[in-house]
Amino acid sequence: MIYQSEKTVAPDFTEKNDGAIKYIEIKNVKGFSVAKTFDCGQCFRFEPVTGTRHESEFSGVAYGRFFSVAQDGETLYIYNCDADFYEKYLCSYLSLDTDYEEIRRDIATRCPTEYMLSVMERGEGIRILRQERWEALCSFIISQNNNIPRIKKIIRVLSERCGAEVDVSLMSEHGAAESEYAFPTPESVLALGVDGLRELRVGFRASYIYDAAEKVSLGALDLDDISALPTAECIDALCSVKGVGLKVASCTALFGMEKYDAFPIDVWIRRVLLEKFPNNFDPSTLGEFAGIAQQYMFYGARFD
């Protein structure tokens, strides 16, 4: 479910042209940081654009298109995006239809500690991206016992090997390489086979990725159906994939299925829980937005 208060409306936008490139301009966007959102470890296909004329800009591929999101103060610019693509995909993808002030108030009410208030202040502007479900599952399988640069490299090579090429004409100024590729479908990953996946140097994860692709492509694991389940049941269903444990399933649920109460625990969060919270602290007490609280905690720990 997309969280919206009765007062929440998506911000107004204007479709414009920068030469031959269509882009969306959105003014008066409160509580959104391009840099924090794309550099907080939740997605692996976006990179900062060097030499941008904006205060910050990140570009990459999502929903089968290469685009960039730039920011100057409270104004956002989404390049290689028209009104239809924005309304159909990117408004939701960027969580611009979501009342984060209400969410932050809810978290603060449930956990009004100096620590939580501090990390929420530092992490203000982070939004949970609504990523495609298969991409989230596959990406977080790849993330196991891995660092972010290597995760990004594996996903890039996997996409080059069996993803569809996307149009990047005129987007070199916005960070596009000569060729860019969409995230591969489960069927195309399945066609690689375990040996083909091992050639991409995914290591022990090859059989896990293959099992996920097989289950999804053959319908044994319907990601749309399980996303409609309560969070605990959704996570249990994801754990039916070979090699998927609680952490990967929780990340998939949070970042790919809008399960904002999912609370992934990695080494960073485990350290935070040990150092900043009472023994036997139950993350579920953070309520329906525990996963968003987790992102503030993760951001604070990673950039401390």
Side-chain angles (χ1 to χ4, degrees), residues 1-13 26-43 46 58 62 69 71 73-74 76 86 89-133 136 227-232 234-235 250-266 268-269 272-273 276-277 281-303:
M1 181 182 71
I2 297 174
Y3 177 77
Q4 293 179 289
S5 72
E6 293 181 358
K7 297 180 181 179
T8 303
V9 293
D12 293 334
F13 67 92
I26 314 166
K27 295 184 177 180
N28 301 314
V29 179
K30 310 291 185 183
F32 184 98
S33 167
V34 167
K36 291 178 184 178
T37 295
F38 284 103
D39 196 29
C40 67
Q42 63 172 312
C43 69
F46 283 77
F58 277 69
V69 186
Q71 184 168 24
E74 294 184 347
L76 297 182
Y86 173 74
Y89 296 109
L90 295 193
C91 182
S92 175
Y93 176 71
L94 297 169
S95 288
L96 293 175
D97 54 1
T98 306
D99 188 345
Y100 264 70
E101 280 308 303
E102 190 69 24
I103 289 172
R104 288 160 62 82
R105 282 193 289 270
D106 185 272
I107 295 169
T109 298
R110 296 172 186 274
C111 187
T113 65
E114 181 179 349
Y115 166 76
M116 182 58 74
L117 297 177
S118 173
V119 293
M120 283 203 299
E121 181 178 359
R122 292 180 61 190
E124 183 177 6
I126 292 174
R127 300 274 177 131
I128 300 295
L129 298 171
R130 296 191 181 101
Q131 300 178 57
E132 294 178 86
R133 289 161 185 161
S227 70
L229 297 172
T231 301
C234 174
I235 289 172
S250 297
C251 285
T252 304
L254 175 59
F255 301 121
M257 297 182 172
E258 299 175 39
K259 302 299 187 185
Y260 296 142
D261 56 336
F263 191 89
I265 299 177
D266 62 2
W268 295 94
I269 296 300
V272 167
L273 292 175
K276 305 295 185 181
F277 290 85
F281 174 75
D282 181 359
S284 68
T285 61
L286 293 170
E288 60 184 311
F289 306 118
I292 297 175
Q294 186 265 14
Q295 278 293 277
Y296 294 132
M297 294 157 63
F298 178 82
Y299 184 86
R302 186 174 168 219
F303 294 101

Quiz item: Checking side-chain contact (heavy atoms from CB on, under 4.5 Å) for the pair Thr285/Cys111: CA distance, chi angles, key distance, verdict?
Solution: CA-CA 8 Å; Thr285 61; Cys111 187; over 6 Å; no
Quiz item: If you draw the axis of the six-membered ring of Tyr296, does the NZ or CZ of Arg104 fall within 45° of it and under 6.0 Å from the ring centre?
Solution: yes
Roughly how far apart are [X] [atom1] and [Y] [atom2], rounded to 0.5 Å?
X	Y	atom1	atom2	result
Ile103	Asp106	CD1	CG	8.5 Å
Asp261	Ile292	CG	CD1	10.0 Å
Met257	Cys234	CE	SG	5.0 Å
Ile269	Ser250	CD1	OG	12.0 Å
Gln295	Phe263	CD	CZ	10.0 Å
Tyr260	Leu254	OH	CG	8.0 Å

Quiz item: Which word best sums up how the rings of Phe298 and Trp268 line up, parallel for under 30°, tilted for 30 to 60°, or perpendicular for over 60°?
Solution: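 Aromatic pair Phe298/Trp268 classed perpendicular.
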Where do [X] and [Y] come nearest, in terms of heavy atoms and distance?
X	Y	answer
Ala35	Phe58	CA-CE1, 3.7 Å
Val29	Leu96	CG1-CD2, 4.0 Å
Ala108	Met120	CB-CE, 3.6 Å
Ile126	Cys40	CG2-SG, 4.2 Å
Arg122	Tyr299	O-CE2, 3.6 Å
Asp39	Arg302	O-NH1, 3.0 Å

Quiz item: Do Val34 and Phe46 touch side chain to side chain, with heavy atoms closer than 4.5 Å?
Solution: no
Quiz item: Does the side chain of Met116 reach to within under 4.5 Å of the side chain of Met297, using non-hydrogen atoms?
Solution: yes
Exercise. Would you please test Leu286 and Phe281 for side-chain contact (heavy atoms from CB on, under 4.5 Å) and show each step?
Key: CA-CA 10 Å; Leu286 293 170; Phe281 174 75; 4.0 Å; yes
Exercise. Verify whether the ring centers belonging to Tyr115 and Phe277 lie closer than 6.0 Å.
Key: yes
Quiz item: Taking Thr37 for the side chain and Gly125 for the main chain, is one N or O donor matched with an acceptor at less than 3.5 Å?
Solution: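 It does hold such a pair.
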Self-check item: Gln131 side chain to Gln42 backbone, donor-acceptor under 3.5 Å
Solution: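 Between the backbone of Gln42 and the side chain of Gln131 there is a qualifying donor-acceptor contact (under 3.5 Å).
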Quiz prompt | Test log, rule side-chain contact (heavy atoms from CB on, under 4.5 Å), inputs Phe255 and Cys43 | solution = CA-CA 8 Å; Phe255 301 121; Cys43 69; over 6 Å; no
Exercise. State whether the number of non-hydrogen atoms from other residues, nucleotides or ligands found under 6.0 Å of Asp12 atom CG is greater than 12.
Key: no
Self-check item: Salt-bridge contact Lys27-Glu74 (side-chain N to carboxylate O under 4.0 Å)
Solution: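 Salt bridge flag = no for Glu74 with Lys27.
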Quiz prompt | Thr98, Leu90, Leu94 screened by side chain to side chain contact (heavy atoms under 4.5 Å, CB included) with Arg130, the one that passes | solution =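 Between Arg130 and the candidates, side chain to side chain contact (heavy atoms under 4.5 Å, CB included) is satisfied uniquely by Thr98.
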